[in-house]
Peer 1: 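Dropping the structure in here first, questions after.
In what follows, every chain begins at residue 1, and chains take the letters A, B, ... in the order their sequences are listed.
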Amino acid sequence: MSDLKSGSNLEKVLKAGHFAFTGECGPPRGANVEHFTEKLSHLKGNVDAVNITDNQTAVARMSSLAASHIAIHEGLEPNFQMVCRDRNRLAMISDILGAHALGIRNMLCLSGDHQTFGNCPEAKNVHDIDSMQLIRMVTQMRDEGVFLDGDDIDLPPKLFVGAASNPFADPFEYRVYRLKNKINAGADFIQTQCIYNMEKFREFMKMVVDMGLHEKCYILAGVTPMKNAGMANYMKKFVPGMEIPDALIKRLKGVEKAAQPEEGIRFALEQVEEFKEMEGVAGVHMMAIEWEHKVPEIAERAGMLPRPSV
Amino acid sequence: MIVADSKPLQEILAMVREYKKILIVGCKGCVTVCNVGGAKEVEVLRASLMIDGKKEGSPPDIDTMVIERQCDNEYVETLRDNIDAYDAVLSMACGVGPQFLSEAYPEQKFFPAVNTSFYGGAVAHGIWEERCAGCGTCIIHYFDGLCPVARCAKSLLHGPCGGSADGICEVSKETVCIWDTIVKKKIAQGRIEDLFVLQEPRDWRTARDGGPRRSIRETLAE
Ligand code: SF4
């Protein structure tokens, strides 16, 4: 077991060769712990780890660090997200050390949505280091036991370090190289942006496999089930870096309104089936946004239960 | 050059309405080039303040002048003989101007008439864009002369982020994703490997983060 980087459940599941299944849960827009733990309860036992988002969409919320700690308390393993928008390197280092001290063992390094999208559009944006440099910094802290200035860390934080990849942003032909850069920087696992355009994702994964990147890093395919055609339309129009094929919107519109959620879930389940077989894909990251109560059903129908205990 | 925009007239009025004798000082440097604080703009501002003053029933007494550069004490000195004749001075230079004036004339009151925005240039008639962040350590040789520190909304050194679409930045439809441009240029030149270099965290001390900066040219500074 000593060759484990953090010994997190997610790491062990992936290392043992199981098809991983991670979830996502946003901290509350307030100090309402009950609301958050209620959402978390639907994920418990149904995912290997749950991403705790960090002021997602640049809307200020309960801190991802505090919420990750609450998740541990609730019996879930958090994947603590950290964006480069809100913290300089000092704040990052102290939160990384604090995260380890609180029992957090996974961390996801992100640039962060631009603050102008959120509820503090007037805010200063930090971007002292970028996500690539954050990956390097935290893995260096873990593996070499040193701070940026080379000073020793008194008990280095052991975190399993993840990064995001969006195969649907432009330029498409460069996305695989950016992924490669993240792996070279030290990423242990990757969670992709929500996938809807399967054809493009297949093409992307083919490049990943051809370059052998899947052997250096675990790649989890991102899935967000559509609740209805309206959500699909909205995401197509307003969410940066999202690619929603018209065929999917048509498919959702093709059924009655009341049946659209089921149709969205069916599409997601078809995706999971394909990912299970797709070369280079090590698991699925299920982002059922504000639909946490559906996760048990989705996990069950996707054949993801019971989750392996390692 | 330094690019600035006019302050809204109401804002300027709120600053100087109470003063009866006002001097408006333009600058022949950058603000003349970007049409915001040169000879023409000085007169336009004077006229606007006069119209307002007349409406209010007490038109102020306003003089104007345009000096070579407000960021140069040699030219700032040219104000010395008459400066005490005014209740207030409006500077139409970039943010440097009012400060040089204020430091040279501690007894006088100075107000800015423009919002100083960025280092850039005109990309079309009447349109200026930012190009440099003045971070003090130029690294654009890694990016074919294009600066992601100034031009990427997230100052990424390893872009483009997941929001880049069709060459446009996620933050604004008006803004090019500079990372898209950098990547495409590297691909076109067959030098994509250049972008596989992991950039070290930057030393921001040479930027504003290290405190106000100073530049000393030994050969010139006795
Ligand atoms: S879209 Fe391009 S320019 Fe805009 S933040 Fe992302 S990488 Fe930077």
Peer 1: If the contact rule is any heavy atom under 4.5 Å from chain A, which residues of residues 113-142 of chain B qualify, in numerical order?
Peer 2: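 None at all.
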Peer 1: Among Arg136(A), Gln115(A), Arg175(A), which residue has the highest count of heavy-atom pairs closer than 4.5 Å to chain B?
Peer 2: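 Going by pairs under 4.5 Å, I would pick Arg175(A).
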Peer 1: Please list, in residue-number order, every residue in residues 160-170 of chain B that has a heavy atom less than 4.5 Å from any heavy atom of chain A; write 'none' if there are none.
Peer 2: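 Listed by number: Pro160(B), Cys161(B), Gly162(B), Gly163(B), Ser164(B), Ala165(B), Asp166(B), Glu170(B).
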Peer 1: Closest approach of Trp179(B) and Gly159(B), non-hydrogen atoms and distance?
Peer 2: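 Minimum heavy-atom separation between Trp179(B) and Gly159(B): CE2-N, 3.2 Å.
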Peer 1: So how far is it from Ile52(A) CD1 to Met107(A) CE, rounded to the nearest 0.5 Å?
Peer 2: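 It is 14.0 Å, given to the nearest 0.5 Å.
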Peer 1: Work out which heavy atom in Phe172(A) is nearest to a heavy atom in Lys200(A); give both atom names and the distance.
Peer 2: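 Closest approach of Phe172(A) to Lys200(A), heavy atoms only: CD1-CE, 3.5 Å.
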Peer 1: Are the side chain of Glu41(B) and the backbone of Gly38(B) linked by a donor-acceptor contact shorter than 3.5 Å?
Peer 2: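 Checking the backbone N and O of Gly38(B) against the side chain of Glu41(B), a donor-acceptor pair under 3.5 Å is found.
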Peer 1: Of Glu24(A), Met231(A), Met286(A), which is the lone residue that meets side-chain contact (heavy atoms from CB on, under 4.5 Å) with Thr224(A)?
Peer 2: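 Only one of Glu24(A), Met231(A), Met286(A) forms a side-chain contact (heavy atoms from CB on, under 4.5 Å) with Thr224(A), namely Met231(A).
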Peer 1: Could you tell me if Gln191(A) and Asn51(A) have a donor-acceptor pair between their side chains, going purely by distance under 3.5 Å?
Peer 2: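 Asn51(A) vs Gln191(A): donor-acceptor pair found between side chains.
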Peer 1: For Asp170(A), which residues count as a salt bridge (Lys or Arg N to Asp or Glu O under 4.0 Å) partner, sequence neighbours excluded?
Peer 2: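 For Asp170(A) there are no salt bridge (Lys or Arg N to Asp or Glu O under 4.0 Å) partners, ignoring immediate neighbours.
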Peer 1: Return the option, out of Arg89(A), Lys180(A), Glu173(A), with the maximum number of heavy-atom pairs under 4.5 Å with chain B.
Peer 2: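 Heavy-atom pair counts peak at Arg89(A).
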Peer 1: Does Tyr86(B) offer a backbone N or O that forms a donor-acceptor pair with the side chain of Gln108(B) under 3.5 Å?
Peer 2: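 Yes, because the side chain of Gln108(B) sits within donor-acceptor range (under 3.5 Å) of the backbone of Tyr86(B).
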Peer 1: Just by distance, with hydrogens left out, do Glu43(B) and Thr64(B) show a side-chain donor and acceptor under 3.5 Å apart?
Peer 2: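 On atom types as modelled, these side chains qualify, holding a pair under 3.5 Å.
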Peer 1: Just checking, any donor-acceptor pair under 3.5 angstrom between side chains of His158(B) and Asn181(A)?
Peer 2: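 No pair is found: no donor N or O on one side chain lies under 3.5 Å from an acceptor on the other.
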Peer 1: In the structure I gave you, are the side-chain heavy atoms of Phe100(B) and Ser102(B) within less than 4.5 Å of one another anywhere?
Peer 2: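 A side-chain contact under 4.5 Å is absent here.
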Peer 1: Identify which of Asn125(A), Asp128(A), Ile129(A), Val239(A) forms the greatest number of heavy-atom pairs closer than 4.5 Å to chain B.
Peer 2: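 That would be Asp128(A).
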Peer 1: In this structure, is the centre-to-centre distance between the rings of Tyr196(A) and Phe168(A) below 6.0 Å?
Peer 2: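 Here the rings of Tyr196(A) and Phe168(A) have centres that are no less than 6.0 Å from each other.
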Peer 1: Checking Leu110(A) against chain B: side chain, backbone, both or neither under 4.5 Å from a heavy atom?
Peer 2: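 When you check distances to chain B, no heavy atom of Leu110(A) falls under 4.5 Å.
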Peer 1: Can you confirm whether the side chains of Ser155(B) and His127(A) place a donor and an acceptor under 3.5 Å from each other?
Peer 2: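 The criterion, which ignores hydrogens and geometry beyond distance, is not satisfied for His127(A) and Ser155(B).
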Peer 1: What are the residues of residues 180-212 of chain B, in order of number, with any heavy atom under 4.5 angstrom from a heavy atom of chain A?
Peer 2: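 The stretch touches chain A at Asp180(B), Val183(B), Lys184(B), Ile187(B), Ile192(B), Leu195(B), Phe196(B), Leu198(B), Gln199(B), Glu200(B), Pro201(B), Arg202(B), Trp204(B).
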Peer 1: Do Arg213(B) and Ser215(B) have a side chain donor and acceptor closer than 3.5 Å?
Peer 2: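 Not at all, the side chains of Arg213(B) and Ser215(B) share no donor-acceptor pair under 3.5 Å.
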Peer 1: Would you kindly say whether Ser165(A) and Gln193(A) are connected by a side-chain donor-acceptor distance under 3.5 Å?
Peer 2: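 Note: Ser165(A) and Gln193(A) side chains miss the donor-acceptor criterion.
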